[in-house]
Amino acid sequence: MASHKMLLKNGVALIHDANNHVVPTKTDILIQDGIIAKLGEGIEAPGDAEVVDCTDKIISPGFIDTHHHGWQTQLKGRHADQQLLDYMVTGNFQSLQYTPKDVFYGQLAAMLEALAAGTTTVVEHAHITRSPDHVKLAIAGMVSSGIRGVYCYTPMARVKQFNPMTFHQDILADWVMETFAELADQAPFKNGRVSLGFAFDLWFLGKEIVNGMFDEVREKDCVKTITVHGPTLFNVTQITNAFGVLDERILISHGGHVSKEEAQLIKAAGAHVSSTPSTELQMAMGRPLCFDAAFPGDGSDLNRVGVQQCASLGVDCHSNNAGSIISEARIGLQDARSHYNEHWMKQGKTPRRLPESLSVEAAFNLATVQGAKACRMEKEIGRIAEAYRADLVVFDALSPGMIGAAQHHPVAAVILHSSPADIETVIVDGVVRRNNGKLLPVSVDGTAKEVVVKTELEWEDIAKEIVKSGEIMQKEMEKIDVEEAFGAVMKLWRVDESTIVD
Ligand SMILES: [Zn+2]
């Protein structure tokens, strides 16, 4: 692939100007060695270039997902009507059921779902650190998919058993940070397409231990992103600030409960936020923080603090909702507009127009340029520009969903009208991963050779493995005393029982 050249002819590309306004522009795009080498009309195809006719196509920068738990594919559909504490039992803590092989297929399938939906970069909050092999196979799944990613290695509390639910006592067994150090020495993986980050949620270990771990992370220059689950029950911004670790590397997922003071801390530190509208709206995690105007006059003045400018979007649990960043942008935008409108309607007033910060362009930017900033790759991805990585999504402007909107307002067509079915081609690093609407086979990363016999997998092969391992996990899940485990989670998180509404 090294010298592969491709020319996308005659498409309408969604190009960001200097002020990050999106300007639909008729242009050819020459891709060379994984990079956008040239933009402009009438580019002559080099003799060895593959030419793709993009007449009646919209070409978008690949979408960026800044919070995802890819391993959970086998748990899809289990949380349809659940809240957060139940999800912890039937979702998060089910990592116990996963073999390293299950993790490989779960991660791979999740990344392929993302790719099929036009996502080209994922920040993985990888809380599947049950053993060094689980981690290595998760990375192998990510690498094999062809997606660009930041694999955020996550030290975590490991469930030992259910009935009763207990945890392994050695949260920080020697292998935990040793494996991190080993991976940091190998990173990045696959020519830099998958890099190593760090994820952390174990604040209860206390300042001394936490700072020791962060020092170990800091020693590894390769780690540019440290992601943490945001304030649902813990005041994470204030903790990270008090521990002296709140800086531009920190990416806080969720954040619906942050106060004005916390929002100011996040901004002052140059830290970043990932809103995950579907899970946040469903699971009582507060209002997605990614649109300032969703907080008009609620007393917190969050709208004036302006966290939107350091916000991005994540899918969080594709076990709960679709793995599409476009659909998260749409849900987040319409929810924010609802809060904005309600504010005025409650006063007997009628809002005449929506503010610019609640435009489809603002939503598009959260999913592209701002996602790139959140994972600190804004000089490489998130926009269509010369010398940027060729991470591109080609939409059919004549599809039943896009027709009309695509010709009149291409950004609206993408954010409000499109579905993954309208996506014809997905390119990451100049390599086509979805073509004519179909995912292409993936080559299996060498790290996975002990659990995967084939060197190349079709989607159908992967789907069969997911169904098989999902059924085994469901049988095990049915043996679990969910009420007992629910009680254990409440104790662990120090949730006051009298506050629970049934
Ligand atoms: Zn999460």
Side-chain angles (χ1 to χ4, degrees), residues 64-76 78-79 82-95 98 103 106-107 110-111 113-114 119 121-130 135 138 142 149-159 197-203 225-237 239-240 250-258 266 271-290 311-325 327-328 331-332 366 371 374-375 489 492-493:
I64 298 170
D65 173 353
T66 57
H67 185 69
H68 204 124
H69 308 298
W71 60 271
Q72 296 180 332
T73 305
Q74 285 92 333
L75 308 176
K76 279 173 81 166
R78 309 292 195 269
H79 316 304
Q82 286 185 344
Q83 291 281 16
L84 183 61
L85 291 173
D86 275 305
Y87 152 78
M88 288 305 292
V89 175
T90 62
N92 192 305
F93 293 151
Q94 294 306 318
S95 59
Y98 275 71
V103 175
Q107 188 76 35
M111 298 300 104
E113 182 192 4
T119 300
T121 299
V122 169
V123 177
E124 173 72 19
H125 187 136
H127 46 28
I128 188 63
T129 314
R130 294 200 57 85
V135 174
M142 203 159 188
V150 184
Y151 183 91
C152 294
Y153 181 88
T154 315
M156 61 180 230
R158 304 182 315 283
V159 174
F198 192 69
F200 196 75
D201 293 312
L202 305 174
W203 306 105
T225 295
I226 300 177
T227 191
V228 302
H229 273 114
T232 303
L233 296 160
F234 305 101
N235 205 330
V236 168
T237 312
I239 295 171
T240 49
I250 297 285
L251 169 59
I252 300 170
S253 54
H254 319 312
H257 297 291
V258 309
I266 291 169
H272 310 275
V273 174
S274 176
S275 287
T276 67
S278 289
T279 55
E280 291 170 11
L281 293 171
Q282 177 180 330
M283 297 191 182
M285 292 196 265
R287 202 176 299 168
L289 202 62
C290 50
S312 58
L313 291 163
V315 157
D316 195 7
C317 305
H318 69 297
S319 51
N320 184 72
N321 44 266
S324 156
I325 278 301
S327 87
E328 290 309 301
I331 291 164
L366 284 168
C375 55
V489 178
L492 190 75
W493 284 8

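Atoms within each ligand, like the ligands themselves, are counted from 1 in listed order.
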Enumerate the protein N/O/S atoms at a distance below 2.8 Å from the Zn ion (ligand 1), ignoring waters. His67 NE2, His69 NE2, His229 NE2, Asp316 OD1
Derivation and outcome, side chain to side chain donor-acceptor pair (under 3.5 Å), residues Asp201 and His127: CA-CA 10 Å; Asp201 293 312; His127 46 28; over 6 Å; no
Measure the acute angle between the ring planes of His254 and His67, then classify it against the limits of 30° and 60° as parallel, tilted or perpendicular. perpendicular
For the side chain to side chain contact (heavy atoms under 4.5 Å, CB included) test, which of Val89, Asp86, Asn92 pairs with Val489? Val89
Which heavy atom in Ala374 sits nearest to a heavy atom in Leu251, and how many Å separate them? CB-CD1, 4.1 Å
State whether a side-chain donor-acceptor pair under 3.5 Å links Asp316 with His69. yes
Would you find a donor on one side and an acceptor on the other, under 3.5 Å apart, between the side chain of Tyr87 and the backbone of Asn320? no
